[in-house]
Amino acid sequence: MFALIDGNNFYVSAERVFSVKLRNVPTVVCSNNDGCAVARSQEAKALGVRMGQPLHELKPLIRDHGLQVRSANFALYGDISHRIVEILRGEVPRLEVYSIDENFCDVTGIRDREAFARHLRDKVLRWSGIPSCVGIGPTKTLAKLANKAAKAGAGVVDLAEPEAQARCLATFPIADVWGVGPRWSARLTGMGIHTAAQLRDAPTDLVLKEFGVVLTRTQRELQGHPCVELEEVEPDRKQIVVSRSFGERVTDHAAVAQALATFTVRAAEKMRRRGLVAAGVGFFAHSDVFRPELPQHSASRSVSLPTATADSRLLVGMVDRLMRGRLKEGIGYKKAGVVLMDLARPEHLQGDLFAPAIVGNDKLMSTLDAINAKFGRGTAGLGATGWAKKPAWQMRQRNLSPCYTTRLSDIPRAMC
DNA sequence: TCTGGGGTCCTAGGACCC
DNA sequence: TCTGGGGTCCTAGGACCC
């Protein structure tokens, strides 16, 4: 039996833990670069703010309804997320961290599931300040569905029993089922399947023929047959991408190169933290797709490396060679990124018959990582990333809150 | 003027092998 | 007129998730 506990409007709730003036006030948190709304408080939803709505469309609401806007502060959200995981680990024997705001828990054998779910919510709220909802079901898909239903107000919904499932699925919109996206939702609706119950009861051979094994699995899960296990250990990443939209359009190729070097260093740090090495690397850079009247260009290239590496210097050098000569004059680049591919654990690497495997200078890289962990990101690094105070490509974060829980200088002070 | 970032899996088709 | 059977690997595209 699965329970899914999910933070309500998570990013907004995380901002509200420390910023009292945001409570009970319509609030949104933006994507990077302050582009669009990615989290909305109940009050903001009531004002009609849509998921992903561009920020510039929200100006009237900011002016007339006091809509509050915050830039995404992932250091804060990630830290609060870890705290919630630790709280839950103290309560359940098995747990899967599914996303920054969702955790699946094994609640098999618990007699009063609803009371236990209420206990989890209360404890998470008291210890972390984040309100949440709990959905319970015999499969992950049903637990997700129960969680969605719980958001309607009850806070906890238990779909362990078939009668409860039947009642809930009968009116549950197909578009809200986990694993059904906009495309499939439109096709299913066209076939007369509008609710979760109708998908559950559709002929399996039809679902298999039209949508493949993925949706067929979802159908089985809706029928109460578990097809997706609890994943207690996160599988190793296969690739790591670091990409950003720039704060403004950039025509200077040296500036794009600096941005790519910065992203490469970030990606390599993430990779080393996971104990992985890359056997391939790629980059891309696009002009501003939202300005079709401007000249457009998109550059990208990737290569396999002769030997896998986790050394930032080698990777920065590779990216620099890849991009050289691939950008066009007179193009304003708006977004770029770096991809580390074919990731593996170094102990699993295939050896090279003619050259010893060189995964890079471990001591140098671990010293670099240790310095940056102790004194803050960017304390020590590579010259190729540039040391300009404020590069043109830097993303906009006009309403960034302090890193209350992860930076000593940002710790809130209590005034007596 | 202003529009995010980071992932995974499945499938079909082509190239190639014996 | 007849023209096999069985397999792997890679890639691109399409779908999904948060």
Side-chain angles (χ1 to χ4, degrees), chain A residues 4 6-7 9-11 28-39 49-62 69-74 77-78 81 96-104 140-141 144 147-148 174-188 207-218 221 227-228 231 234-249 263 266-267 270-271 274 276 280 282 284 286-294 300 302 304 332 334-343 395-399:
Chain A
L4 176 67
D6 174 329
N9 315 324
F10 183 69
Y11 296 167
V28 296
V29 171
C30 297
S31 60
N32 273 334
N33 223 24
D34 291 344
C36 53
V38 293
V49 179
R50 296 188 313 276
M51 183 66 179
Q53 189 165 6
L55 191 61
H56 61 86
E57 292 178 12
L58 302 179
K59 290 258 167 71
L61 294 178
I62 296 169
V69 175
R70 287 292 174 275
S71 303
N73 183 346
F74 289 108
Y77 313 148
S81 175
E96 172 184 340
V97 179
Y98 177 65
S99 75
I100 196 163
D101 68 333
E102 292 168 277
N103 293 285
F104 281 107
K140 281 179 158 183
T141 302
K144 276 287 267 190
N147 186 281
K148 191 102 175 180
I174 191 69
D176 291 345
V177 172
W178 190 39
V180 177
R183 298 293 169 92
W184 286 359
S185 163
R187 275 178 64 198
L188 286 162
V207 176
L208 182 61
K209 186 167 140 281
E210 292 294 323
F211 300 92
V213 298
V214 179
L215 194 65
T216 307
R217 205 149 51 204
T218 298
E221 287 240 319
C227 305
V228 192
E231 261 182 4
E234 186 190 352
D236 281 337
R237 288 282 175 80
K238 298 175 175 179
Q239 61 172 41
I240 287 173
V241 178
V242 173
S243 74
R244 295 282 180 277
S245 291
F246 298 152
E248 53 191 72
R249 287 183 286 273
F263 302 161
R266 263 307 284 147
K270 288 185 179 188
M271 178 170 70
R274 291 170 178 274
L276 299 171
F284 63 85
H286 312 301
S287 50
D288 192 345
V289 291
F290 293 106
R291 288 285 163 279
E293 71 277 13
L294 297 176
S300 72
S302 61
S304 295
K334 191 66 203 312
K335 180 174 179 172
V338 167
V339 190
L340 302 182
M341 296 169 293
D342 304 326
L343 305 187
M395 65 183 176
R396 274 191 304 273
Q397 293 182 303
R398 296 205 183 97
N399 304 291

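Just so it is clear, the model here is predicted, and its values are computed rather than measured. The figures here come from the full heavy-atom set of this structure, side chains too, leaving out hydrogens, waters and symmetry mates. The chains referred to below are lettered A, B, ... by the order of the sequence lines, with proteins before strands, and numbering in each begins at 1.
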Polar atom pairs between nucleotides 16-18 of chain C and protein, under 3.5 Å, N or O only, would you list them?
unit_1 : atom_1 : unit_2 : atom_2 : d
C:dC16 : OP1    : A:G181 : N      : 2.9
C:dC16 : OP1    : A:G181 : O      : 3.1
C:dC16 : OP1    : A:W184 : N      : 2.8
C:dC16 : OP2    : A:R183 : N      : 3.4
C:dC16 : O5'    : A:G181 : N      : 3.4
C:dC17 : OP1    : A:G179 : N      : 2.9
C:dC17 : OP1    : A:V180 : N      : 3.3
C:dC17 : OP1    : A:V180 : O      : 3.4
C:dC17 : O3'    : A:W178 : NE1    : 3.3
C:dC18 : OP1    : A:K144 : NZ     : 2.6
C:dC18 : O3'    : A:S99  : OG     : 3.1
C:dC18 : O3'    : A:D101 : OD1    : 3.2
C:dC18 : O3'    : A:E102 : OE1    : 2.8

Can you sort out the partners of [X] under side-chain contact (heavy atoms from CB on, under 4.5 Å), two or more places apart, ordered by chain and number?
{"X": "A:R274", "result": "A:E234, A:R237, A:I240, A:L276"}
{"X": "A:M51", "result": "A:V38, A:R40"}
{"X": "A:D6", "result": "A:D101, A:E102, A:N147, A:K151"}
{"X": "A:S304", "result": "none"}

Dot-bracket for DNA chain B, 5' to 3', with Watson-Crick and G-U pairs under 3.5 Å, [ ] for crossing pairs and | for other-strand pairs: what is it? ....||||||||||||||

From B:dG4, B:dT3, B:dG6, pick the nucleotide closest to the side chain of A:S31? B:dG4

Who passes salt bridge (charged side-chain N to carboxylate O under 4.0 Å, His left out) against [X], sequence neighbours left out?
{"X": "A:E231", "result": "none"}
{"X": "A:E248", "result": "none"}
{"X": "A:D288", "result": "A:R249"}
{"X": "A:R396", "result": "none"}

How many Å lie between CZ on A:R244 and P on B:dG4, as a whole number? 13 Å

Side chain to side chain donor-acceptor pair (under 3.5 Å) filter on A:T216, not counting sequence neighbours, yields none

Generate the contact string for nucleotides 7-14 of chain B. Rules: B means base contact, S means sugar-phosphate contact only, - means no protein heavy atom under 4.0 Å. SSSSS---

